2 protein chains.
Amino acid sequence: MSRVREAAGNGRMIRPLSGGEPLRLEPLKLGERIRDIRRRHSWTLEEASRRTGLARSTLSKIENEQMSPTFEVVQKLAAGLEIELPQLFEATAAGGATGRRTITRQGEGRPRVTATYEHELLSVELAQRKMVPFKTRVRARSFDSFSDWVRHSGEEFLYVLEGRIAFYTEFYEPVVLAAGDSVYYDSDMGHACVSVSDDDALILWVSTA
Amino acid sequence: MSRVREAAGNGRMIRPLSGGEPLRLEPLKLGERIRDIRRRHSWTLEEASRRTGLARSTLSKIENEQMSPTFEVVQKLAAGLEIELPQLFEATAAGGATGRRTITRQGEGRPRVTATYEHELLSVELAQRKMVPFKTRVRARSFDSFSDWVRHSGEEFLYVLEGRIAFYTEFYEPVVLAAGDSVYYDSDMGHACVSVSDDDALILWVSTA
DNA sequence: GGAGTATGTTTCCTATCGGAAATTCATCCG
DNA sequence: CGGATGAATTTCCGATAGGAAACATACTCC
């Protein structure tokens with residue numbers, strides 16, 4: 001049975017950061033950090049060894065702060081343990097680390113209708129999120145129904161779910177996007193889109209908060 | 001005519017991404033990086049030596065990739081050169097190419113296949129973006145094919161495009177998501193998903209960078 | 001030109017890293 | 001208990017990181 005099923009399905013959940021170890025990542029206990037990552041994945045030194053290509057003994061010594069790995073080795077560690085290098089050194093505000101999660105079912109977002117768009121804000125329950133996702137219905141042949149750019153600081157990702165839209169931005173030629181196409185852009189650059197299909201177009205938008 | 005059409009239609013364009021370079025995924029040239037930082041401050045090896053407490057020769061060898069510094073030394077480097085550790089390892093926008101918009105056509109992202117997922121990274125041409133979008137194919141009935149949580153700092157938004165998946169996270173009960181459903185969660189909380197439909201499931205993922 | 005100065009590179013040589021194997025520690029059995 | 005199995009730790013030793021000092025290569029200024 002897969003470990004996830006075990007962990008997620010039955011009662012035996014991997015507890016957050018159980019009382020035992022606080023997992024605080026003080027100014028750079030690389031050893032602890034490595035060990036923690038390994039433990040979280042329930043990897044033995046042997047498994048970690050296979051993954052990283054490093055000797056068990058080496059890993060053991062690193063975890064116990066008995067040696068300072070060379071940069072080369074650090075890279076192997078990051079790769080093998082499937083963690084991004086910068087992440088390895090980030091001072092995570094660990095502590096309680098209470099994960100958050102919110103589900104939004106099809107059609108159950110918070111609607112916000114404007115002249116041009118029919119937005120449906122997703123994941124509204126979650127305050128203080130770094131991204132703002134919403135689904136938007138662009139009315140069919142809305143070509144002439146609006147008059148100005150939308151512009152707001154941040155970045156935006158747009159993915160076309162259904163239909164075809166013409167996507168306009170300042171400085172660029174307009175482009176037609178069909179279902180499955182996507183675009184990423186700085187949203188302080190004026191932008192707008194219109195449906196060019198016979199039906200409404202449906203797009204998924206994610207903005208930085 | 002709408003102002004958008006006007007504005008977008010005329011010829012004045014900022015050049016997008018320099019078409020030439022494919023944005024190489026560098027193996028992280030630490031030496032070059034260090035040398036850049038030092039040069040930028042107009043520090044001599046001697047000065048850098050005083051700042052870091054490392055020998056001139058050592059610095060020289062590191063910059064010329066003639067040796068792999070130990071982690072201890074890397075720490076001293078970061079401290080002495082007044083740069084945050086994670087920053088040292090962040091993938092730089094190599095070419096400097098600050099594109100402000102990038103289109104990714106259906107199926108034309110950069111594939112990344114793992115045992116469990118078939119990712120397609122979107123908008124890869126755009127370096128230094130705050131979000132990382134990708135589309136993922138989750139193999140049908142992949143229920144037993146993986147064994148561990150995915151976990152990385154940041155937040156994540158998931159939208160189901162096709163099929164049905166079971167979405168697992170630590171601390172929560174697993175939940176089944178169908179096309180059109182979405183979830184927003186802290187991605188440092190272990191998470192994973194499997195397809196529970198007869199066909200592969202297709203999901204759109206956006207992570208904070 | 002030659003002496004002097006400032007910067008980066010290349011020797012050494014020792015301390016230590018990193019891997020193979022031996023050793024310890026823990027947990028199951030019979 | 002003794003043996004067996006699987007994990008982590010600790011030797012041991014060759015390879016290499018890192019420092020001191022010598023060397024190389026500019027630039028000055030006289």
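Note on naming: letters A, B, ... go to the chains in the order of the sequence lines (proteins, then strands), and numbering restarts at 1 for each one. Predicted model only: the values in this text are computed from it and were never measured. The basis for the numbers below is simple: all heavy atoms, side chains too, and nothing from hydrogens, waters or symmetry mates.
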Exercise. Decide if the gap between the ring center of B:Phe157 and the ring center of B:Tyr185 is smaller than 6.0 angstrom.
Key: no
Distance, rounded to the nearest Å, where [X] contributes [atom1] and [N] contributes [atom2]:
{"X": "A:Leu45", "N": "C:dA22", "atom1": "CG", "atom2": "C1'", "result": "16 Å"}
{"X": "A:Phe71", "N": "C:dC17", "atom1": "CZ", "atom2": "P", "result": "17 Å"}
{"X": "A:Glu46", "N": "C:dA20", "atom1": "CD", "atom2": "P", "result": "11 Å"}
{"X": "B:Glu65", "N": "D:dT16", "atom1": "CD", "atom2": "P", "result": "16 Å"}
{"X": "B:Glu63", "N": "C:dT9", "atom1": "CD", "atom2": "P", "result": "7 Å"}
{"X": "A:Leu59", "N": "C:dA20", "atom1": "CG", "atom2": "P", "result": "12 Å"}
{"X": "A:Ile62", "N": "C:dT16", "atom1": "CD1", "atom2": "P", "result": "16 Å"}
{"X": "B:Arg50", "N": "C:dT7", "atom1": "CZ", "atom2": "C1'", "result": "13 Å"}

Quiz item: Do B:Asp200 and B:Arg139 meet the salt-bridge criterion of a basic N to acidic O distance under 4.0 Å?
Solution: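 Salt bridge flag = no for B:Asp200 with B:Arg139.
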Quiz item: Salt bridge between B:Glu120 and B:Arg110, side-chain N to carboxylate O under 4.0 Å?
Solution: no
For [X] and [N], is the shortest distance between a side-chain N/O and OP1 or OP2 below 4.0 Å?
{"X": "A:Arg38", "N": "D:dA7", "result": "no"}
{"X": "A:Gln66", "N": "D:dT10", "result": "yes"}
{"X": "B:Arg35", "N": "C:dG8", "result": "no"}

Name the nucleic acid region contacted by [X], choosing base, sugar-phosphate or nothing; use a 4.0 angstrom heavy-atom cut-off, strictly under.
{"X": "A:Thr44", "result": "sugar-phosphate"}
{"X": "A:Ser60", "result": "base"}
{"X": "A:Thr58", "result": "base"}
{"X": "B:Leu54", "result": "sugar-phosphate"}

Quiz item: Will you find, in the side chains of B:Glu155 and B:Thr208, an N or O donor that is under 3.5 Å from an N or O acceptor?
Solution: no
Exercise. Using only heavy-atom distances, determine whether the side chains of A:Thr136 and A:His119 contain a donor-acceptor pair under 3.5 Å.
Key: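 Judged by distance alone, the side chains do pair up.
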Quiz item: Quick one: on DNA chain C, does B:Asn64 or B:Thr70 contact a more 5' nucleotide (nearest heavy atom)?
Solution: B:Asn64
Quiz item: Quick one: the side chain of A:Lys61 and the base of C:dG19, do they pair up donor-acceptor inside 3.5 Å?
Solution: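 Between C:dG19 and A:Lys61, which were checked side chain against base, a qualifying N/O pair under 3.5 Å is present.
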Exercise. Look at the side chain of A:Ser57 and decide which nucleotide, out of C:dC17, D:dT10, D:dT9, has an atom nearest to it.
Key: D:dT10
Quiz item: Counting side-chain heavy atoms from CB outward, which of C:dA21, C:dG8, C:dG18 is closest to B:Arg56?
Solution: C:dG8
